[in-house]
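Below is one structure; the comments refer to it alone.
Since the model is a prediction, treat every value here as computed from it, not as a measurement.
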Amino acid sequence: MAELKLIGFLCNWCSYAGADMAGTARLKQPGELRIIRMPCTGRVDPLLVLKAFQEGADGVLVSGCHPGDCHYNEGNYYARRRLELLARMLPAFGIEPERFEYTWVSASEGARWAQVVDDFTTRIRMLGIGDEPTVAKQPDDQRTGEERAVNE
Amino acid sequence: MISELAKSELSMSDLAAKISEALAGADLVLGWTASGPGGVAAPARFYEQAEAQQAVFDSTCVHNLAVHLPRLKERRVGIVAKPCDARAVNQLIAEREIDPGRVSVIGVECPSMVDVKTIWRRFGYGARIEDDGERLLVNGAEVERGKYTPAKCADCADRVHPAGEQSAAVADVTDETAADERQLRERFNAMSPAERREFWREQYSRCIRCYACREACPMCYCRDVCIMQSDESRWTGGGVNAGDAEMMQLIRVNHLAGRCTGCGECERACPAGIPLMLLMEEQNRVVEELFGHRAGVDPDARPPLLSFNANNDGWRKA
Amino acid sequence: MRFITREKIQDLLEALASEAEVWAPRELNGSGGSIMFERWRSGDPIAFEGVTTLSAKDMVLPRTEKLFGFRYTAGTGNLLAEALGQSAGQPAKEKGEHLSIDPAEPVAEKVLFGVRACDAKALDVLDSLFNRADGSGYEDPGYRSRRAGLTVITIACTSCDEACFCSSFDNGPAEKAGSDLIFYPVDTGFLVEAVTVRGEKILARDEAAKSGQLFEESMLQPPALAETARVEGTADMETLLPAIFADLDFWERSTASCISCGFCTYGCPTCHCFNIHDEMRGDREGERLRSWDACMFHIYTQEASGHNPRPTPAHRYRNRINHKFSYYPENQGQILCTGCGRCIRGCPAGLDIREVMTAALAHARGQGST
C-alpha cells in the first residue's frame with residue numbers, strides 16, 4: 001500500500017529529546033512518522049495540524065513535555081486547551097478524530113516514545129490512507145476544477 | 001456601561017429619548033431607521049439629538065452594529081443593541097479592543113428577528129415587510145412567522161440581556177420555525193466524517209473569497225493584517241477554489257475559538273449561502289463544554305484560550 | 001424574428017451542447033435559494049425568472065485563472081557541477097537550471113444561456129478594456145480566448161425588482177449589446193432575434209427555432225421598464241463627482257454602514273480588478289494565477305511600508321464611485337455600471353449605490369442636505 005504520511009509536531013525539550021533517545025537506543029519503531037521540531041507545544045497552532053491534514057497527512061501527532069514540566073513553564077497548559085478543543089472539532093470539519101493525537105513524552109521516556117509511535121502508526125494503518133488533499137493542485141477555470149455536484 | 005434597559009413594550013419615543021440622552025455624552029449613536037427598501041430597518045448613525053426621532057427598533061433590525069465599534073475607537077459612541085449585539089460589545093471590551101469608558105449601550109429587548117434575506121430571496125428584493133408582533137406580512141399578505149425566523153433567534157438563550165433583565169415573550173417556536181436550518185443541522189449531525197468532508201467541499205466550492213464573513217464579524221478586527229489574505233504568510237493561497245476557501249474558514253473558526261458570540265452575521269452576509277454557523281455553533285458548544293465559558297456574557301471574564309488551569313483541566317488522565 | 005416554445009429550448013440547448021459547454025442559471029436549494037450559472041446537461045432545470053447572484057463575468061474573467069505553470073528542471077549536462085551545486089543546497093535556478101513553462105490549457109467553447117441584458121452589456125464594457133480591436137495592442141489573451149469562445153444568449157426582462165436600475169446608465173431590459181441571440185418572452189414561449197452573425201448561424205441551424213413562423217413584433221410583452229429608483233441627475237457626473245472628492249465628511253456619512261466586505265465588487269459584472277500571484281508547490285514548481293481582487297478590501301492599496309492611502313471604507317467607496325462613474329467614462333468612454341443591482345441585493349449592510357450617487361450628485365450641485 002502507498003506509504004502513510006504521518007506528521008509529528010514534537011517539542012524540542014522533551015519529546016524530541018525522547019525520540020532522539022529512542023533512536024540512539026536503537027528501539028524498533030515504524031518509520032512513517034515525519035517529525036517537525038517545535039520549541040514548545042505552546043507553539044503548535046491548531047491550524048498547523050489542520051493544514052497538515054489539508055495537504056494530505058493521514059495522521060498528525062503532537063507531543064510535548066508533561067504538564068507541569070514545560071521548559072517554558074506554561075506553554076503546554078495552553079496547548080492542552082487548544083489541542084483538546086481541536087480534537088473535539090475535527091469531526092465537524094470532516095476529519096476522523098482518530099487521526100489526531102496529542103500526548104506528553106519526556107526526554108527520558110525513549111521506550112515510551114517508541115511505543116507511542118508504534119501505537120499511533122498501527123492505528124492509522126488500520127484507518128487507511130486518509131482523504132485526498134483538499135488543497136487544489138491546480139485552479140480550475142470556473143469554480144473548482146470540476147463541476148460541482150449541485151446540491152439538490 | 002449598559003444604560004437602563006427598555007421595558008418590554010418598547011416605544012419609539014422611549015428609544016428616541018435614550019438616544020438623545022446618549023448623544024449628550026457621545027459623538028454619535030449607532031442604531032436603525034426605517035429607511036431600507038420595503039420599509040425594513042437600515043443601519044444608521046445619529047449625530048444630533050434632533051435625528052433621534054427617526055430611530056426605530058423592530059424585527060427587521062437584523063444587523064449587528066457592534067461591528068463598527070473597532071473602527072470608531074477614537075470617538076465616544078453609543079449603540080442600540082439587541083442582547084446578541086451586547087454580547088459582542090462585551091467581548092470587544094473583554095479583549096481590550098474598545099474602551100468601556102467610550103461606549104454606552106442602549107440595550108433593547110429583542111422580539112426575535114425576521115429572516116429578511118430569505119424573505120427577499122423568495123418574494124423578491126425589497127418586498128414590503130410588516131410585523132406588528134402578532135402577524136408577519138409580506139407585501140400585505142400574512143406569512144408563517146416560523147418559516148422566516150432564523151434558528152439563532154428560535155434557540156436564543158440570550159433573552160436575558162447580559163446586564164440582567166428578563167426579556168418579553170418572543171416568537172413562538174413551532175415545528176415550522178427555522179425548519180430549513182434545523183433540517184440542515186440534523187442532516188449534518190447524522191453525517192460521517194467522510195460525508196462531512198464532501199459536504200464542506202461542495203459548500204466551499206461556492207465561496208468567492210469576498211471576505212464578507214470576516215467583515216461582518218465584530219470579532220474579526222484584524223483588518224489589514226488578517227492572515228486569511230496576507231501575502232507575508234501564506235496560510236492559504238489567493239486563488240478562488242474550494243481547498244483555499246476551506247483553509248480560509250478554518251482560520252476564521254480557529255481564531256474565533258472562545259470569542260464567537262453567535263450573532264450569525266457571518267452566515268447572513270455570505271452571498272453564497274454557506275452555512276458557516278454550523279461550525280461556529282459546534283465550536284461554541286465545545287468551548288462551553290470544556291471551559292464552561294460563553295463569550296461576551298461577562299466583559300471581565302478571562303478568555304478561556306488565553307488562560308489555563310495548571311491542575312488537570314478535567315477531561316484527560318494527564 | 002423566430003418563435004420557440006419553452007419546451008423546445010431543451011432541444012436547442014441539446015444541439016448546442018453537442019459542440020460546446022452549455023451553462024444556464026439554476027436555483028440552488030440549500031444555499032438560501034441563490035441562482036447561479038451552472039453547467040447545463042439535458043434534463044436539468046433552468047431558472048427563467050430572477051437574476052443570478054453572481055454575474056456572467058466569471059465566463060470571461062474567471063475567479064481564478066491559471067496563466068501558466070512553471071517548473072525548474074535539470075540543467076546543462078555538467079554533472080559534477082550539478083552534483084556539487086546540489087549538495088551545497090543552493091536554489092536550482094542559480095546553477096543554470098532551466099525554467100520550463102507549461103502554457104495554460106485551451107479554453108472550452110461555451111454557450112451561456114439565460115443571461116440578462118445587464119450582464120451582456122457588461123461584457124461589452126469589459127471588451128472595451130480587455131479586448132480592444134483598435135490596434136492599441138492591448139489584448140488580454142486569456143480574456144480574448146474566452147470571449148471569442150463564448151456565445152451569449154440573453155433573455156430580455158419583463159419584470160424587475162426593487163434593486164434593478166438598468167435604465168439609469170445607458171442600458172435597458174432588452175438592450176442588445178454583448179448578446180449573440182436575444183429571447184423575448186411571450187405567452188407561449190419566446191421570440192428570438194439574432195444580434196450577431198454567430199447568433200444568425202445558430203438560428204439557421206436549429207430546427208426548433210427555424211420551424212416557427214415569423215411573428216409580429218407587436219406580440220412582444222413590453223420589456224420591464226426600470227420602475228424603481230433611478231439615479232437622478234447623472235448628466236455631467238464625470239465632472240461633478242471629482243468636485244466633491246475632498247469632502248471626506250460627506251463620503252463618511254453617506255457610506256457609514258459599509259462594512260467593507262468585497263461582495264459588491266465581486267458580484268458586479270463590470271468590476272474587473274485582479275491580482276496576479278504565484279502559488280508554489282515546494283520550491284521547484286508552481287503556478288502563476290490571476291484572481292479577482294476588490295478595491296473594497298482593506299489591503300487593496302496597502303503599501304509595503306504599511307501605509308494605506310485608503311484606510312477607511314469611506315475612502316474606498318469614494319474611489320469605487322469615482323472609478324465607475326467618472327474616471328472610467330472619461331478614459332474609456334463607457335460607464336462602469338449596467339444597473340444590474342447585484343451590489344444592492346447582496347450588500348449585508350443595506351447600502352444602495354443609487355442613494356449614494358443621487359446624494360453625491362446633489363451635494364456636488366450644492367443642493368444636498370448633508
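- Neither the backbone nor the side chain of A42(B) comes within less than 4.5 Å of any heavy atom in chain C.
- Looking at I259(C), the atoms closer than 4.5 Å to chain B (heavy atoms on both sides) sit in the backbone and in the side chain alike.
- Heavy atoms of L351(C) lying under 4.5 Å from chain B are absent altogether.
- Proximity to chain B is limited to the side chain of N308(C), based on heavy atoms less than 4.5 angstrom apart.
- Inter-residue side-chain proximity for R121(B) and S34(C) is flagged as met; some heavy-atom pair is nearer than 4.5 Å.
- When only modelled atom types and interatomic distance are considered, E215(B) and H298(C) share a side-chain donor-acceptor pair under 3.5 Å.
- Contacts of A256(C) with chain B are made by both backbone and side-chain atoms, with heavy-atom separations under 4.5 Å.
- Ranking P313(C), G267(C), G50(C) against chain B, the residue ahead of the rest is P313(C), based on heavy-atom pairs under 4.5 Å.
- Listed options Q229(B), R268(B), E265(B), R122(B) were ranked by heavy-atom pairs under 4.5 angstrom with chain C; first place goes to Q229(B).
- Contact annotation: the side chain of S260(C) approaches that of R71(B) to within less than 4.5 Å [non-hydrogen atoms, C-beta and beyond].
- Residue Q183(B) qualifies as open at atom CD: its count of foreign heavy atoms under 6.0 Å is 12 or below.
- Ranking T312(C), N275(C), T265(C), I344(C) against chain B, the residue ahead of the rest is I344(C), based on heavy-atom pairs under 4.5 Å.
- Other residues, nucleotides and ligands contribute over 12 non-hydrogen atoms within 6.0 Å of the CD atom of E303(C).
- Closest of all the heavy-atom pairs between A349(C) and P43(B) is O-CD, 3.5 Å.
- Among R45(B), R214(B), H63(B), the residue making the largest number of heavy-atom pairs under 4.5 Å with chain C is R45(B).
- Highest contact tally toward chain C, considering only C226(B), A212(B), S35(B), C213(B), is held by A212(B) [criterion: heavy-atom pairs under 4.5 Å].
- For R345(C) (side chain) and W120(B) (main-chain N/O), no donor-acceptor pair under 3.5 Å exists by modelled atom type.
- Interatomic distance, E279(C) CD to N241(B) CG, rounded to the nearest 0.5 Å: 8.5 Å.
- Counting only heavy atoms from C-beta outward, the side chains of R206(B) and L54(C) never approach each other to under 4.5 Å.
- Only the side chain of R234(B) comes within less than 4.5 Å of a heavy atom in chain C; its backbone stays farther off.
- Cation-pi check for R253(C) over Y47(B) is met; the charged atom lies under 6.0 angstrom from the ring centroid and within 45 degrees of its normal.
- Nearest heavy-atom pair across Y266(C) and R209(B) is CE2-O, 3.1 Å.
- The shortest side-chain heavy-atom distance between F263(C) and P271(B) falls under the 4.5 Å cut-off.
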